[in-house]
Amino acid sequence: MPVQPEYNILLVEDDPDHATLINRAFETEAHCRLVITTSLAQAKSLINHTPPDLVITDIRLPDGQGTELLASATGFPTIVMTSHGDEKVAVSAIKSGAAEYIVKTQESLASLPRTANRVMREWRLVIDQKLARERQQRLTAILEATPDLICIANLDGFLTYINQSGRNLLGIGKNEDIRRIRLADFHSPADGQKILSEGIPQAIREGMWTDETTFMSLNGDKVLTSQVLISHRNNLGEIEFFSTIARDIRHLRAAEERVQFLAYYDTLTGLPNRNELAKRLDMEVVRVRRNQSFGALFFIDLDNFKNINDSLGHPAGDLVLQEIAQRLKGQVRGDDTVARLGGDEFIVILSSLSRDGRQAISRAREIANKIRDTISMECRIHETDLRVTASIGISMISEEATSGHDLLRFADTAMYEAKREGRNRLEFFSESMSSEVTRQLELENQLHRALKEDQFRLHYQPLVNTAMEIIGAEALIRWENPELGLVAPAEFLDVLESSGQIVDVGGWVIETALKQMTLWMEQGLVAEDFMLCINISPRQFRDAQFAENIHGQLARVNVPSQNIMMEVTEHNIIHNLDDAILRMKELNHSGISFSLDDFGTGYSSLAHLKNLPVNHIKIDRSFVRDICDDPGDQAMVASILALSKHLGLEVVAEGVEALDQFHLLKQYGCKIYQGYYFSAPLSPDKMTRYLETKLPSE
């Protein structure tokens with residue numbers, strides 16, 4: 001087996017999340033050594049000092065365009081990365097010398113090692129070919145070594161010499177007599193006439209004629225060439241003979257066609273990509289206005305597609321996408337369009353459904369259901385039978401349609417509504433959806449500003465034992481909006497999570513809570529076993545640097561890890577259980593404990609509880625609220641407490657608001673409580689006073 005060559009790769013990426021994802025993707029590539037920098041200036045300095053074997057760069061950098069690195073890329077290939085909408089810049093980069101480009105998605109960044117290995121193989125092939133050409137140029141006296149057709153013809157056009165490359169190109173045998181062969185015999189009639197009427201007169205007049213011509217070889221191949229016709233004169237100025245050099249440029253045309261294809265078509269499925277889709281969608285809007293016949297736009301997103309990539313690998317995922325693309329094409333007419341927007345997102349444009357709006361909607365619904373049924377049909381990938389479902393958002397294309405961009409946005413909104421309603425369904429866009437999206441975007445902007453302007457606050461709700469002694473506290477985030485006042489987390493946590501801002505806000509929560517814990521410890525207000533409970537969001541928990549960041553923050557504030565309990569929900573861990581367990585055990589080893597929040601509300605908590613490295617579980621408040629009156633809640637709580645005792649887990653009952661709830665929970669064997677009966681969530685100052693007046697007993 002050949003040894004895999006080692007590569008030094010320079011990654012120029014200022015987005016830390018993208019850099020982390022790419023770095024993690026290369027961790028399994030032992031032959032690749034990755035150096036990461038965040039700016040154009042740093043990249044140029046590193047290239048000048050130690051040229052890499054490969055450069056992977058984002059096009060948009062803080063201090064310039066990544067394409068500026070192409071000027072230095074004489075000894076290495078460059079892969080450029082773009083966001084959606086920058087494909088034209090990327091195509092320009094390809095023409096300027098970039099070896100490849102990718103549009104940033106989670107899937108494309110995760111598969112960068114495969115792209116890098118392919119580019120390096122192609123680059124080494126190009127380098128090898130270049131060296132071969134240089135050796136041939138040093139031996140120009142030996143014409144047989146040149147890859148181009150080189151021939152000499154007399155004034156009557158008959159050949160007196162043709163090199164071996166020319167023989168091969170035209171299919172002329174090695175021992176065949178060429179004296180009765182004219183080069184014109186191998187041209188198409190049109191090209192032959194062009195040479196007679198334009199080429200030869202210009203060569204006689206100016207000494208040279210150049211154009212692209214097609215040769216017809218004896219075996220029937222058509223070879224596109226860049227041909228040069230040169231007239232040679234003797235000392236008397238008379239033309240003595242003609243020479244021709246013809247270079248096969250089929251590969252150049254293929255490369256140009258590939259660049260054109262990459263600009264407008266998806267390489268995996270062969271479907272139109274975002275650029276081509278935009279053109280066709282705008283054309284459909286014009287057609288609808290002209291013909292007054294409704295069309296429809298489907299935004300199709302495969303449900304839980306990430307699970308296929310995670311379990312079977314990206315090659316299997318690619319095969320699924322190719323299969324889905326073929327199924328979609330089989331469900332539409334010739335005038336309709338199927339496109340791949342990126343990742344597992346597909347677009348279908350249905351043209352000329354009906355002039356009647358109701359009939360058009362009915363027809364769109366019928367076709368969408370057929371597409372949904374077709375997608376969900378079983379497919380066999382690598383000896384595995386898979387069943388994929390899809391959520392479909394539909395926006396109708398009417399005379400009122402303003403732009404293709406708006407139609408895509410509307411259909412995307414409807415698709416997410418289909419996801420929220422349970423997946424594997426379709427939804428038509430409505431104005432109420434648009435209002436909700438607008439409201440969410442405004443909220444995202446306000447939350448972004450809230451973190452920058454220090455509008456978030458932490459409150460702390462005490463945890464007590466059966467003796468009503470304070471044994472810990474849960475840190476709870478609040479938003480002190482200048483206009484709305486104190487906003488409860490239920491109003492904004494989902495938006496933080498969906499927008500990705502939860503990672504930064506979650507980091508702020510951990511840092512702020514640990515600093516507060518430090519103050520309480522310095523003031524002697526908490527016991528050595530006091531537990532500070534911090535909620536961890538799903539996206540925050542899945543961040544690759546999560547454990548490392550926690551360890552770093554604990555070291556900076558000097559809070560013992562044994563005093564920290566992280567609260568996670570089943571949603572944090574259920575989709576990638578093995579990875580979650582490894583991450584939790586890593587933090588367990590340093591002394592941090594975990595609590596499973598909202599226990600009893602998930603469909604598989606009991607099935608996985610025995611494998612999870614948790615120390616505490618929290619009985620969800622929905623079971624505590626009616627425990628005194630509802631036998632079902634009583635049975636559920638009793639079962640949870642019995643199971644926890646068997647597994648050696650502590651139980652926290654949250655939402656305790658009345659004395660009779662407290663007494664009943666104590667009777668069932670619960671030892672830790674949290675709720676308004678003991679205390680509402682308190683500001684840091686009020687929590688400090690609470691600790692001063694209700695110190696745990698020694």
>> Would you say Thr269 and Asp266 are linked by a side-chain donor-acceptor pair, where the criterion is simply a distance under 3.5 Å?
In response: yes
*Can you check salt bridge (Lys or Arg N to Asp or Glu O under 4.0 Å) on Lys279 and Glu276, steps first, answer last?*
CA-CA 5 Å; Lys279 293 191 334 187; Glu276 180 67 13; 3.4 Å; yes
Note to self: Please evaluate residues Thr115 and Tyr101 with respect to the criterion side-chain contact (heavy atoms from CB on, under 4.5 Å), reporting the C-alpha separation (whole Å), side-chain torsions for both, the decisive distance (0.1 Å), and the verdict.
What the structure shows: CA-CA 9 Å; Thr115 304; Tyr101 86 89; over 6 Å; no
Output for pair (Arg290 CZ, Met283 CE), nearest 0.5 Å, gives 8.5 Å
Are Val338 and Ile347 packed together at the side-chain level, in the sense that at least one heavy-atom pair is separated by less than 4.5 angstrom? no
Value for NZ (Lys306) from CG (Asn304), rounded to nearest 0.5 Å, stands at 10.5 Å
- Leu70 backbone acceptor or donor facing Thr78 side chain under 3.5 Å: no
| query | Taking side chain as C-beta onward, heavy atoms only, is Glu345 less than 4.5 Å from Arg340? | reply | no
Might you work through the salt bridge (Lys or Arg N to Asp or Glu O under 4.0 Å) test for Glu240 and Arg233, ending with a clear yes or no?
CA-CA 5 Å; Glu240 199 168 50; Arg233 298 178 183 272; over 6 Å; no
CG of Leu46 to CG of Asn48, rounded to nearest 0.5 Å, is 9.0 Å
>> With a 3.5 Å distance limit and no angle check, can you tell me whether Asn163 reaches the backbone of Asp148 through a side-chain donor-acceptor pair?
In response: yes
Exercise. Taking the six-membered ring of Phe158, is NZ or CZ of Arg180 closer than 6.0 Å to its centre and within 45° of its axis?
Worked result: yes
Partner of Ser351 under side-chain hydrogen bond (donor to acceptor under 3.5 Å, both in side chains), picked from Arg280, Glu284, Arg333, is Glu284
OG (Ser197) and CD (Gln202) are apart, to the nearest 0.5 Å, by 11.0 Å
**Side-chain (Thr374) to main-chain (Lys370) donor-acceptor, under 3.5 angstrom** = yes
What class does the angle between the rings of His31 and Tyr7 fall in, given that below 30° is parallel, 30 to 60° is tilted and above 60° is perpendicular? perpendicular
Evaluate the side-chain proximity of Leu350 to Ile367: yes if any heavy-atom separation is below 4.5 Å, no if none is.
yes
Report task. Using the side-chain contact (heavy atoms from CB on, under 4.5 Å) rule, take Ile150 and Ile162 through it: C-alpha gap first, then chi angles, then the decisive distance, then the call. Result -> CA-CA 6 Å; Ile150 298 180; Ile162 185 170; over 6 Å; no
ask   = How far apart are the C-alpha atoms of Leu302 and Ile324, what are their side-chain angles, what is the distance that settles it, and do they pass the side-chain contact (heavy atoms from CB on, under 4.5 Å) test?
value = CA-CA 9 Å; Leu302 304 184; Ile324 297 300; 4.3 Å; yes
When every non-hydrogen atom of Leu183 is compared with those of Gln227, the smallest separation belongs to CD2-NE2, 4.1 Å
Separation between CD1 (Ile381) and CD1 (Ile308), nearest 0.5 Å, reads 8.5 Å
Non-hydrogen side-chain atoms of Leu328 and Ile375 separated by less than 4.5 Å
yes
Under 3.5 Å side-chain donor-acceptor pair for Ser188 and Thr214
no
For Asp335, does the CG atom sit with more than 12 other heavy atoms under 6.0 Å from it, leaving out its own atoms?
no
Distance col, row Asp185:CG vs Met216:CE, nearest 0.5 angstrom, shows 12.5 Å
Residues Ala203 and Ser231: closest non-hydrogen pair is O-OG, 2.6 Å
Output, in order, the C-alpha distance, side-chain angles, deciding distance and verdict of side-chain hydrogen bond (donor to acceptor under 3.5 Å, both in side chains) for Arg60 and Thr82.
-> CA-CA 8 Å; Arg60 301 188 184 279; Thr82 74; over 6 Å; no
Exercise. Quick one: does Leu312's side chain get under 4.5 Å of Leu386's, heavy atoms only?
Worked result: yes
What one should report as the nearest heavy-atom pair of Glu13 and Ala19 is CG-N, 3.8 Å
**Asked** Got a donor-acceptor contact below 3.5 angstrom from the Thr244 side chain to the Leu229 backbone?
**Response** no
When every non-hydrogen atom of Ser217 is compared with those of Gly171, the smallest separation belongs to CB-N, 4.4 Å
How about Phe186 and Ile172: do any of their side-chain heavy atoms sit closer than 4.5 Å?
yes
| request: With salt bridge (Lys or Arg N to Asp or Glu O under 4.0 Å) as the test, would you mind laying out the steps for Glu100 and Arg118 before giving the verdict? | output: CA-CA 10 Å; Glu100 183 61 285; Arg118 174 177 57 77; 2.7 Å; yes
Treating Asp53 as the side-chain partner and Asn8 as the backbone partner, does any N or O pair qualify as donor plus acceptor under 3.5 Å?
yes
With no hydrogens and no angle check, is any side-chain donor or acceptor of Ser111 less than 3.5 Å from a backbone partner on Arg114? no
**Request:** Compute whether any side-chain donor of one residue and acceptor of the other, for Asp318 and Gln322, lie under 3.5 angstrom apart.
**Result:** no
Side chain proximity check, Leu353 to Ser293, heavy atoms < 4.5 angstrom: no
Next on the checklist: I'd like to know if the side chain of Asp248 and the backbone of Arg250 have a donor-acceptor N/O pair within less than 3.5 Å.
Outcome noted: yes
Heavy-atom nearest pair, Cys32 first then Asn117, reads SG-OD1, 4.3 Å
Closer than 3.5 angstrom, by distance alone: can the side chain of Thr225 be matched with the main-chain N or O of Thr213 as a donor-acceptor pair?
yes
inquiry  = The test is side-chain contact (heavy atoms from CB on, under 4.5 Å); show your working for Phe346 and Leu271 and say whether it passes.
reply    = CA-CA 9 Å; Phe346 294 88; Leu271 297 176; 3.9 Å; yes
Hey, are Thr160 and Asn154 close enough side-chain-wise for a donor-acceptor pair under 3.5 Å? no
Next on the checklist: Determine whether a donor-acceptor pair (N or O, by modelled atom type, separation under 3.5 Å) exists between the side chain of Ser39 and the backbone of Asp63.
Outcome noted: no
Quick check: do Leu281 and Ile397 have side-chain heavy atoms less than 4.5 Å from each other?
yes
* To do: List the steps, then state whether salt bridge (Lys or Arg N to Asp or Glu O under 4.0 Å) holds for Glu68 with Lys44.
  => CA-CA 9 Å; Glu68 292 183 34; Lys44 289 180 178 180; 3.1 Å; yes
### Message
Taking Leu236's backbone N and O only, do any of them form a donor-acceptor pair with Asn234's side chain (distance below 3.5 Å, no angle check)?
### Response
yes
Before giving the answer on ring-ring contact (aromatic ring centres under 6.0 Å, His included), spell out for Phe215 and His187 the whole-Å C-alpha distance, their side-chain angles and the decisive distance to 0.1 Å.
CA-CA 5 Å; Phe215 283 94; His187 281 298; 4.2 Å; yes
In short, Leu61 meets Asp58 closest at the heavy-atom pair CG-O, 3.7 Å
